[in-house]
Amino acid sequence: MRKLSWKLGGALLLLVVISVGLMAYLTNISTAREFRQYVSTGNTIYTQNLAARVAQFYIQQRNWTGIQDVLNLMRFGNERLIVADSSGTIVGDTAQEWLGKSAQAVKLESGTPIAASGQQVGTLYVFSSGSGLGMGGMMSGMMGGRGQQPLLGLGQQDFLNRVNHLLWVAGLIAAGVALIIGMLLTRQVTRPVRELTRGARQIAQGDLSYRVKVKSRDELGELGQSFNSMASRLDQNEQSRRRLVADIVHELRTPLTVIEGTVDAIIDGVFPSDRDHLLSIKEQTVLLTRIIGDLRDLSLAESGQLKLELSPTDMVELVRRKLFQYEPKAREKNITLNLNAPQPVPAANVDTTRMEQVITNLLSNAIRHTPSGGTITASVSAVSNGSEHHVVRPSVVVSVADTGEGIASEHLPHIFDRFYRVQDARSRGDGGVGLGLAIVKQMVTAHGGQVWVKSEPGKGSAFYFAIPSLSG
Ligand code: ADP
């Protein structure tokens, strides 16, 4: 469970240690180099200055007698000054150790030449207060020699050490601060991840009402929002599945109850077993068969398994045929049926049986909801891209408009839903269970088309559907 935070924390620690260590190491090296350079330049100037003063003495004196006293006066602190004459014999040594010895013999090198009247009259060697100089060449003194890497005096070495020490301390503090900030950031990442994991578990266990609380405005926040909308969607789907099952049970139970009641009454001798009562039972079985057939079509269409036998079809002809079939029913209700197809329309690739089912559902609805004396007009027209509704391809648009009761605007968004009826239980007398328009929508969608409706209560309704035409 804590693996991610360990991984992130470990990676961060490694990064901080490597980068801070590298930074401190490189800064150390470059500081030491710059400092030595600085000391070297200072030393050269200093020893040349001393050499000039010793030369001054020689010019006045013409020999090296008394140089020892002068060196003692010139000496600064624990500094050791040595002067060798032009032959290399040491004539002055503030430590009085090598007087009379050859500079070569005591391994003195890289001294500063002492020049008088253009001639080298001796050599000056300067050693700082370092730890015991000279012997065996383990000098820590500063050499005035040109181009020689100077060894640092104790004070200078100490300064460098302190700088280095401070650098390491600063590096460690930076690493500590980086680690603390890193840990806080890691927690910010892992907390929402843990919350999302908990959410996924709850959903998996069936608690579809669970929502994660991820508030950050970054990608994790977005993930949290997507998770919550996925959970809402699952919740809605689950609810609609339950509603669907309840609706199906309800719709099937009604005709079954009627059949059972009628049969019981006949058995008990309450009803005679005559033709009328058998017809009433037959009516209910027809209704049951229709509901089951509709449900099967719907579920096939919704799962994309509806097999369409497509063929180029003249939609005007198809609509005309359907109107002709409904003529007797319309006349019975004193309703006028019209066909409005002023222009020839391009053929559409449709499954004629399914298209007839669509037009049948629309026409039977229109006849059912239009009072006597009303008019139903079926129109067929060709539309090009975007000229109507959201039709994106050249299509054939069919509409069935009536002068009936109309539909209140609050029902319009749901009118194509399964089992949705405007007034509950009422149209049952006519056999409507709220599946007709859902089938219309699924069939048209299966043909790559779309449906829409316009309606005004008291004035009438117009249902439209568009099917891509072959000219497109
Ligand atoms: P049903 O089979 O119950 O008619 P539909 O899905 O065909 O179910 O229709 C859903 C609802 O839409 C119906 O309850 C009906 O009230 C309303 N409706 C459908 N067509 C029309 C229409 N032409 N005029 C008024 N209302 C309609």
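Please read all numbers here as calculations on a predicted model, not as lab measurements. Counting convention: from 1, in listed order, for ligands and their atoms alike.
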Tell me yes or no: between the side chains of [X] and [Y], is some donor less than 3.5 Å from an acceptor?
X      : Y      : value
Ser209 : Asp207 : yes
Asp274 : His277 : yes
Gln357 : Arg354 : yes

Practice item. Give, for atom CG of Leu208 and atom CZ of Arg211, the distance between the pair rounded to the nearest 0.5 Å. Key: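 Those atoms lie 8.0 Å apart.
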
Check your understanding: So which pairs with a foot in residues 310-324 pass salt bridge (charged side-chain N to carboxylate O under 4.0 Å, His left out), sequence neighbours left out?
Key ->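 For residues 310-324, and leaving out neighbouring residues, the salt bridge (charged side-chain N to carboxylate O under 4.0 Å, His left out) pairs sorted by first residue read Glu317-Arg320, Arg321-Glu356, Lys322-Glu356.
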
Check your understanding: Which is it for Thr370 and ligand 1 at heavy atoms under 4.0 Å: side chain, backbone, both or neither?
Key ->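 Neither; no heavy atom under 4.0 Å.
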
Residue [X] vicinity, atoms of ligand 1 by number, heavy atom under 4.0 Å:
X      : value
Gly434 : 1 (P), 2 (O), 3 (O), 6 (O), 8 (O)
Tyr420 : 10 (C), 11 (C)
Arg421 : 3 (O), 14 (O)

Check your understanding: Do the ring planes of Phe159 and Phe35 sit parallel (below 30°), tilted (30 to 60°) or perpendicular (above 60°)?
Key ->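 Rings of Phe159 and Phe35: tilted, as their planes differ by 30° to 60°.
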
Regarding [atom]: of the candidates [options], which has the closest heavy atom?
atom                    : options                        : answer
atom 5 (P) of ligand 1  : Leu437, Val433, Ile439         : Leu437
atom 13 (C) of ligand 1 : Asn365, Asp402, Thr403, Val422 : Val422
atom 18 (N) of ligand 1 : His414, His369, His411, Glu405 : His369

Proximity flag [X] to ligand 1, non-hydrogen atoms under 4.0 Å:
X      : value
Asn361 : no
Gly404 : no
Phe416 : no
Arg368 : yes

Practice item. Using a 4.5 Å cut-off on heavy atoms from C-beta on, say whether the side chain of Gln450 contacts that of Val397. Key: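 Heavy-atom side-chain distance check fails, nothing below 4.5 Å.
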
Exercise for review: Hey, could you give me each pair passing side-chain hydrogen bond (donor to acceptor under 3.5 Å, both in side chains) that has a residue in residues 395-413? Not counting sequence neighbours.
Suggested key: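 Pairs touching residues 395-413 that pass the test: His369-Glu405, His411-Tyr420.
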
